[in-house]
Amino acid sequence: MLGLSITQWLFGILSLMAIMFALMVVFTRSPVNSVLYLVLTFFCIAGHYLLLNAQFLAVVHIVVYAGAIMVLFLFIIMLMNLNADTEPRKHIISRIIAGVVGGMLLFVMVGALKGAEHLQLVQAGTSQIGLVKNLGMVLFNEFLFPFEIASVLLLSALVGAIMIGKRDTSTN
Amino acid sequence: MLNGIPINYYIMLSAVLFIIGVVGVMARRNAIIVFMCIELMLNAVNLLLVAFSTLHNDASGQVFVFFIMAVAAAEVAVGLAILSMVYRNFKSIDIDLLSRIKN
């Protein structure tokens, strides 16, 4: 098994799948396929959370992202009736420039972060902080006020989305 | 047996996912796909926050990820409402076209 443990195998496979699906999100023509590949990417990231023993975040990630946000995206795409034929494409030169800029950014980031915290091992699977009980204690002791602010933020976003999305009946 | 994974691997994975999101924002014209690439960038940052929170055995990082998810949900709700309104008025969500419509 090349001297690798099960955790390392899982990390490698999940990382490869996440990167592959993320690339497919960008390079697929059809928006519906993009959304489906993004859902698969989110499942891979949720697998990473499970590997880090952040169980609460893994469940919340699947429920919020794959369950709620992506369904919202799918609904909007179906309402607008978008498909690969009507998909606008950028000029080839600007797409090449985007790829070059991304590659250079990757080069800079890899070069800058190469020596960061060298060989510190994340002890996956043994950490207890990601469990619901421990995270809830921190959330409702230290972060109670931001938690309440987040609820106000969600309420205002709800009202704002309804106000923006409402069809204006007074003008026509 | 459960061996640890070097934090460098998580840094590299997050950097790659983030840059795929950046390239997607620059290379696509469909506003919905641009939104999805922004979500991808947020998730790369979330993954790195969780990895460092596990590394330093500090739960604050995971609480921050929780808040980032709440903010992302709010952002997507308002953003998609704006997009549907724009589509209703202009019958297009092509960002290159929309950037030329100033009046």
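Chain letters run A, B, ... following the sequence lines, proteins first and then strands; every chain starts at 1.
- The distance from atom CG of A:Asn134 to atom CD of B:Gln62, rounded to the nearest 0.5 Å, is 9.5 Å.
- Note: B:Ile32 leads B:Val22, B:Ile32, B:Val25, B:Val71 in heavy-atom pairs under 4.5 Å with chain A.
- Of the two parts of B:Phe67, only the side chain, counted from C-beta on, holds a non-hydrogen atom closer than 4.5 Å to a non-hydrogen atom of chain A.
- Inter-residue side-chain proximity for B:Tyr10 and A:His48 is flagged as met; some heavy-atom pair is nearer than 4.5 Å.
- Counting all heavy atoms, side chain and backbone alike, B:Arg28 lies closest to A:Val26 at NH1-O, 2.6 Å.
- Note on B:Val23, B:Val16, B:Asn43: by heavy-atom pairs under 4.5 Å with chain A, the leading option is B:Asn43.
- Atoms CD1 and CG, on A:Ile76 and B:Leu83 in that order, are 7.5 Å from each other to the nearest 0.5 Å.
- No other option in B:Val78, B:Ile93, B:Val76, B:Val50 has as many heavy-atom pairs under 4.5 Å with chain A as B:Val50.
- Hydrophobic clustering (ILVMFWY, side-chain heavy atoms < 4.5 Å, transitive): A:Ile149 and B:Met69 are in distinct clusters.
- In this structure, A:Ile97 and B:Met26 have side chains that are not in contact, with every pair of non-hydrogen atoms separated by 4.5 Å or more.
- Put simply, the side chain of A:Leu135 does not reach to within 4.5 Å of the side chain of B:Phe66, judged on heavy atoms.
- The shortest non-hydrogen separation linking B:Arg88 to A:Gly165 is NH2-O, 2.9 Å.
- Between chain A and the residues B:Leu40, B:Ile33, B:Leu13, the most heavy-atom pairs under 4.5 angstrom are made by B:Leu13.
- Between B:Phe64 and A:Phe143, the ring-plane angle classifies as perpendicular under the 30° and 60° cut-offs.
- B:Leu80 touches chain A through backbone and side chain together, each having a heavy atom under 4.5 Å away.
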Q: Report the C-alpha separation of B:Val65 and A:His61 in whole Å, then their side-chain angles, then the decisive distance to 0.1 Å, and conclude whether the side-chain contact (heavy atoms from CB on, under 4.5 Å) test is met.
A: CA-CA 10 Å; B:Val65 170; A:His61 189 262; over 6 Å; no

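- Among A:Met109, A:Arg95, A:Met80, the residue making the largest number of heavy-atom pairs under 4.5 Å with chain B is A:Met80.
- Using a 4.5 Å cut-off between side-chain heavy atoms of Ile, Leu, Val, Met, Phe, Trp and Tyr, with links allowed through other members, A:Leu139 and A:Leu153 fall into different hydrophobic clusters.
- Heavy-atom neighbours of A:Leu144 CG from other residues, nucleotides or ligands within 6.0 Å: above the threshold of 12.
- For the pair B:Val63/A:Glu142, no side-chain contact is recorded, criterion being any heavy-atom separation below 4.5 Å from C-beta on.
- Residue contact with chain B, scored on non-hydrogen atoms closer than 4.5 Å, involves the side chain of A:Leu38 exclusively.
- The contact between B:Leu47 and chain A is made by backbone and side chain atoms together, counting heavy-atom distances below 4.5 Å.
- With chain B as the partner, the residue from A:Phe42, A:Phe27, A:Phe56, A:Phe75 showing the most heavy-atom pairs under 4.5 Å is A:Phe42.
- If you measure heavy-atom distances from B:Asp58 to chain A, the contacts under 4.5 Å come from the backbone alone.
- In this structure, CZ in A:Phe73 is found 6.5 Å from CE in B:Met36, a value given to the nearest 0.5 Å.
- Note that the OG1 atom of B:Thr54 and the CG atom of A:Leu51 stand 10.0 Å from one another [nearest 0.5 Å].
- Across every non-hydrogen atom of B:Asn30 and A:Pro31, the tightest pair is ND2-CG, 3.6 Å.
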Q: Tell me, with the steps shown, if B:Tyr87 and A:Leu79 meet side-chain contact (heavy atoms from CB on, under 4.5 Å).
A: CA-CA 10 Å; B:Tyr87 184 78; A:Leu79 281 178; over 6 Å; no

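- Within 6.0 Å of the CE atom in A:Met104, the count of heavy atoms belonging to other residues, nucleotides or ligands does not exceed 12.
- Ranking B:Ser92, B:Ala70, B:Ser60 against chain A, the residue ahead of the rest is B:Ser60, based on heavy-atom pairs under 4.5 Å.
- In this structure, CE in A:Met163 is found 11.5 Å from CE in B:Met85, a value given to the nearest 0.5 Å.
- B:Leu17 places a side-chain heavy atom less than 4.5 Å from the side chain of A:Ile45.
- Within the model, atoms CD1 of B:Ile11 and CG of A:Leu113 stand 5.5 Å from one another, a figure rounded to the nearest 0.5 Å.
- The contact between B:Met12 and chain A is made entirely by side chain atoms (from C-beta outward), counting heavy-atom distances below 4.5 Å.
- Cluster annotation: A:Phe107 is not connected to A:Val100 through the hydrophobic network of ILVMFWY side chains, with a link wherever side-chain heavy atoms come within less than 4.5 Å.
- No other option in A:Leu72, A:Leu158, A:Val64, A:Thr41 has as many heavy-atom pairs under 4.5 Å with chain B as A:Leu72.
- Taking A:Ala54, A:Gly99, A:Gly160 one by one and counting their heavy-atom pairs under 4.5 Å with chain B, the maximum is reached by A:Ala54.
- Neither the backbone nor the side chain of B:Leu97 comes within contact range of chain A; no heavy atom of the residue lies under 4.5 Å from a heavy atom of that chain.
- With a 6.0 Å radius and a threshold of 12 heavy atoms from other residues, nucleotides or ligands, A:Tyr37 has its OH atom at or below the threshold.
- Listed here is the closest heavy atom pair of B:Ala59 and A:Val138: CB-CG2, 3.7 Å.
- Linking Ile, Leu, Val, Met, Phe, Trp and Tyr residues whenever their side-chain heavy atoms come within less than 4.5 Å places A:Leu106 and A:Val25 in a single cluster.
- Hydrophobic clustering, with ILVMFWY side chains joined whenever heavy atoms are under 4.5 angstrom apart, keeps A:Val63 apart from A:Leu131.
- Proximity to chain B is limited to the side chain of A:Ala150, based on heavy atoms less than 4.5 angstrom apart.
- Proximity of A:Ile19 to B:Ile20: side-chain heavy atoms (C-beta onward) are separated by under 4.5 Å at one or more points.
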